[in-house]
Student: 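Questions regarding the structure given below will be posed in turn.
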Number of protein chains: 2
Amino acid sequence: MEAFLAVCRAIHPLSEGLEAELRRLARLETVPARTALLEPGSVAQRLYFLETGLVRGFYLKDGKEVTSWFMPEGHFVISILSFFSRQPSHEYLQTLAECRLWSLTHAQVQGLYRQFAEFNCIGRVLTERYYVLSEQRALDLRMLPAAERYARLLRDFPGLVQQVPLHLLASHLGITAETLSRLRARRAG
Amino acid sequence: MEAFLAVCRAIHPLSEGLEAELRRLARLETVPARTALLEPGSVAQRLYFLETGLVRGFYLKDGKEVTSWFMPEGHFVISILSFFSRQPSHEYLQTLAECRLWSLTHAQVQGLYRQFAEFNCIGRVLTERYYVLSEQRALDLRMLPAAERYARLLRDFPGLVQQVPLHLLASHLGITAETLSRLRARRAG
DNA sequence: ATCCGTTCTTGATAAATGTCAAGGGATGCA
DNA sequence: TGCATCCCTTGACATTTATCAAGAACGGAT
């Protein structure tokens, strides 16, 4: 809870009322690895803050899983498309390790926006921040060769290679597990 | 100007003070086709609202232009990465037709956020909205075959094919002009 | 200790797409 | 009118990556 509040506070001071509401509304849950936080067909109802653990988002393409992102602890976790557009998701959210999660419902978040003007500033800055990360990911996927994308993933998420199986990394990089395996063999990395 | 204000008003009512400031600060310019609004190396200083015309964003990859997006009239136009992260851009913004543009500097936008709490709500909702569009684009690029991406581009931007040369469309779809040409020959579209 | 499933690697082959090159057709300008 | 340029198409070929298949290495469960 403190980590979550600290992220908000770093953007804009929290009024007493807002902090109290956040503490009152936020729900804590601890879930084991390989738990689904969201499944296709349902509308994303909760905004999660990942205190500890690791989460990924993925889609199915021709029956196979394509990992769209990984999110480490200290970050917010949602399906952007479903949570913001209020449409049924095509995306899965899944824990990759035991996770400690704080969450608010979509309705609660909207209520906080109405009740506390300052919360709009926090929401705006957070949205901008994750938008930038998302654009950078999309750009990398588009502009860099697979080997370089792998190198950056290693740089940006050291330890991820130890935590998740290779085929998840491969699908995130936009290549098959076989291609990634050969890539590593060539570069001895 | 009215189109710009209408988009804002549809999200949150504008106080007299905010509307007056927007009218006072916003700068109008009319520029011919093929004008650069942003070039690599400089930090994006302005947030544009495109009243009429057509704009694209593109990068250079191995010396060749890769179009990352097109934006039609009635929309906001910025380099997300440069404007939000305040880093020198790698992206070009370029008009594809004569454009009528209203714009605010980054400093002006930040000032409005500080001065008018309601503006944070507008900024938040707009950021969410474009974030969703960006995610959907990235997802399409990743999950759909090239032919389907082309079909959707035709659907989402009817008229674009008449306005811009084929190789711009191709690079936006993530394929070469030759491949797109063959694709159209096969499907007779 | 053994069995079983998962992960990772490697090889052979196929499919998709890129690259290079050439040519036709439209457009604008001298 | 003629020329230059740009746009689009098509062909031949190279390259990249996927697909299919097999097997080795590892760990957990019984």
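In what follows, chains are A, B, ... by sequence order, proteins preceding strands, each numbered from 1.
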Student: Please list, chain by chain and in numerical order, all residues satisfying side chain to side chain contact (heavy atoms under 4.5 Å, CB included) with B/E118, sequence neighbours excluded.
Tutor: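 Counting only residues at least two positions away or on another chain, B/E118 forms a side chain to side chain contact (heavy atoms under 4.5 Å, CB included) with B/H12, B/S15, B/L18, B/F116.
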
Student: When the axes are fitted on five pairs at both termini, how much does the helix from C/dA1-D/dT30 to C/dA30-D/dT1 curve, in 10° steps?
Tutor: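 For the helix from C/dA1-D/dT30 to C/dA30-D/dT1, the axes at opposite ends meet at about 30°.
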
Student: Rounded to the nearest angstrom, tell me the gap between atom OH in B/Y150 and atom C1' in D/dC8.
Tutor: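 So the two atoms are 12 Å apart, to the nearest Å.
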
Student: Measure the CE-CZ distance between A/M71 and A/R56 for me, rounded to the nearest 0.5 Å.
Tutor: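 Here the rounded value is 14.0 Å.
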
Student: Between B/L183 (CG) and D/dT9 (P), how many Å, whole number?
Tutor: 11 Å

Student: A/S89: what forms a side chain to side chain contact (heavy atoms under 4.5 Å, CB included) with it, not counting sequence neighbours?
Tutor: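 With sequence neighbours excluded, A/S89 shows a side chain to side chain contact (heavy atoms under 4.5 Å, CB included) to A/L38, A/S79, A/S82, A/E91, given in chain and number order.
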
Student: Please name all residues satisfying side chain to side chain contact (heavy atoms under 4.5 Å, CB included) with A/P13, sequence neighbours left out, ordered by chain then number.
Tutor: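 In terms of side chain to side chain contact (heavy atoms under 4.5 Å, CB included), with neighbours along the sequence ignored, A/P13 is linked to no residue.
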
Student: May I have all residue pairs that pass side chain to side chain donor-acceptor pair (under 3.5 Å) and include part of residues 29-41 of chain B, sequence neighbours excluded?
Tutor: B/R27-B/E29

Student: For A/H75, which residues count as a ring-ring contact (aromatic ring centres under 6.0 Å, His included) partner, sequence neighbours excluded?
Tutor: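 In terms of ring-ring contact (aromatic ring centres under 6.0 Å, His included), with neighbours along the sequence ignored, A/H75 is linked to A/Y130.
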
Student: Assign a letter to each nucleotide of nucleotides 24-30 of chain D from its 5' end: B, base within under 4.0 Å of a protein heavy atom; S, sugar-phosphate only; -, no contact.
Tutor: -------

Student: Reading nucleotides 3-19 of chain C 5' to 3', which nucleotides get B (base under 4.0 Å from a protein heavy atom), which S (sugar-phosphate only), which -?
Tutor: ----SSBBBB----SSB

Student: Does anything in residues 24-51 of chain A pair up under ring-ring contact (aromatic ring centres under 6.0 Å, His included), and if so which pairs, sequence neighbours excluded?
Tutor: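 Output for this query lists A/F4-A/F49, A/F49-A/F76.
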
Student: Taking ring-ring contact (aromatic ring centres under 6.0 Å, His included) as the test, write out the residues that go with B/Y59, two or more places apart.
Tutor: none

Student: Would you list the pairs meeting ring-ring contact (aromatic ring centres under 6.0 Å, His included) in which at least one residue belongs to residues 156-181 of chain B, sequence neighbours left out?
Tutor: B/F70-B/H172

Student: Considering residues at least two apart in sequence or located in another chain, which fulfil the ring-ring contact (aromatic ring centres under 6.0 Å, His included) criterion with A/F58?
Tutor: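 Only A/Y92 meet the ring-ring contact (aromatic ring centres under 6.0 Å, His included) criterion with A/F58.
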
